[in-house]
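This report concerns only the one structure given below.
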Amino acid sequence: MKTLEFVKVGKPYVSKHGGNWFHIYFKDENKSYRTALFENMRNFNNWNVIVNLAERGDLVGNLRTKIYKGKEIVDADSWPKLMPSTKEIEDSIYND
């Protein structure tokens, strides 16, 4: 499993399977990654928190990767977890 830095949600495209699809982009210190999400696929709900709440620079954990057409990509069947920021951790420690 990998933890990667969230970059952005890409622009939506109309899917030939119905609904829309879009990329989500990530990076680590060495390379960039992406995954493709289709709104009408069963795995889309796994990504709701990332799509709606993640901001550039947030860490996303629990990501699997796979090789697709010779490139390493994030597997859309992953169960991503938005990791708490350092500020959120410090706030919870010092304000409790």
Side-chain angles (χ1 to χ4, degrees):
M1 298 288 184
K2 287 186 180 270
T3 297
L4 299 172
E5 184 179 331
F6 176 82
V7 176
K8 70 177 184 176
V9 173
K11 66 180 182 175
Y13 299 94
V14 175
S15 170
K16 65 182 177 183
H17 305 291
N20 292 314
W21 72 274
F22 51 89
H23 286 112
I24 296 181
Y25 297 91
F26 303 93
K27 69 178 182 176
D28 65 14
E29 57 277 344
N30 299 316
K31 61 189 273 186
S32 61
Y33 301 83
R34 70 179 182 185
T35 193
L37 292 180
F38 293 77
E39 292 176 343
N40 62 342
M41 297 294 181
R42 64 172 172 72
N43 61 359
F44 185 74
N45 285 335
N46 302 353
W47 292 88
N48 269 337
V49 170
I50 308 305
V51 169
N52 294 309
L53 299 178
E55 297 178 358
R56 181 180 291 270
D58 286 347
L59 294 179
V60 180
N62 207 36
L63 299 173
R64 290 187 313 232
T65 59
K66 66 180 185 179
I67 303 299
Y68 178 74
K69 294 185 178 181
K71 288 188 74 175
E72 187 177 19
I73 65 167
V74 172
D75 186 346
D77 287 331
S78 298
W79 289 83
K81 302 288 182 217
L82 187 59
M83 309 298 280
S85 70
T86 304
K87 182 179 182 332
E88 289 171 328
I89 293 170
E90 288 173 350
D91 287 349
S92 70
I93 292 171
Y94 298 116
N95 294 328
D96 284 344

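Values below: every heavy atom of this structure, side chains too, minus hydrogens, waters and symmetry copies.
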Considering all heavy atoms, the nearest N43-A76 contact: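 Scanning both residues, the minimum pair turns out to be ND2-O, 3.1 Å.
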
Where P80 and S78 come nearest, the two heavy atoms and their spacing: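 That closest heavy-atom pairing would be CD-O, 3.2 Å.
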
K2 NZ to N62 CG distance, which is reported to the nearest 0.5 Å: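 Taking NZ in K2 and CG in N62, the distance rounds to 13.5 Å.
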
Nonpolar side-chain network containing F26, other nodes, edges under 4.5 Å: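 Members alongside F26: L4, F6, V9, F22, I24, Y33, L37, F44, W47, V49, I50, V51, L53, V60, L63, V74, L82.
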
Hydrophobic cluster of I73, others only, ordered by chain and residue number, side-chain cut-off 4.5 Å: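 Result for I73 is Y68.
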
Main-chain N/O of G19 paired to N40 side chain as donor or acceptor, under 3.5 Å: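 Not confirmed, N40 side chain does not pair with G19 backbone.
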
For K31, salt bridge (Lys or Arg N to Asp or Glu O under 4.0 Å) partners two or more places apart: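 Listed in chain order: E72.
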
Any pair counted as salt bridge (Lys or Arg N to Asp or Glu O under 4.0 Å), so long as it reaches residues 34-57, sequence neighbours left out: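 Of all non-adjacent pairs touching residues 34-57, those that pass salt bridge (Lys or Arg N to Asp or Glu O under 4.0 Å) are R42-D77.
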
Salt bridge (Lys or Arg N to Asp or Glu O under 4.0 Å) partners of residues 3-22, not counting sequence neighbours, each pair once: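 Sorted pair list comes back empty.
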
Parallel, tilted or perpendicular: rings of H23 and Y25 (30°, 60°):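 Ring orientation of Y25 relative to H23: tilted.
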
Partners passing side-chain hydrogen bond (donor to acceptor under 3.5 Å, both in side chains) against D75 (at least two apart in sequence or in another chain):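 side-chain hydrogen bond (donor to acceptor under 3.5 Å, both in side chains) list for D75, sorted by chain: R64.
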
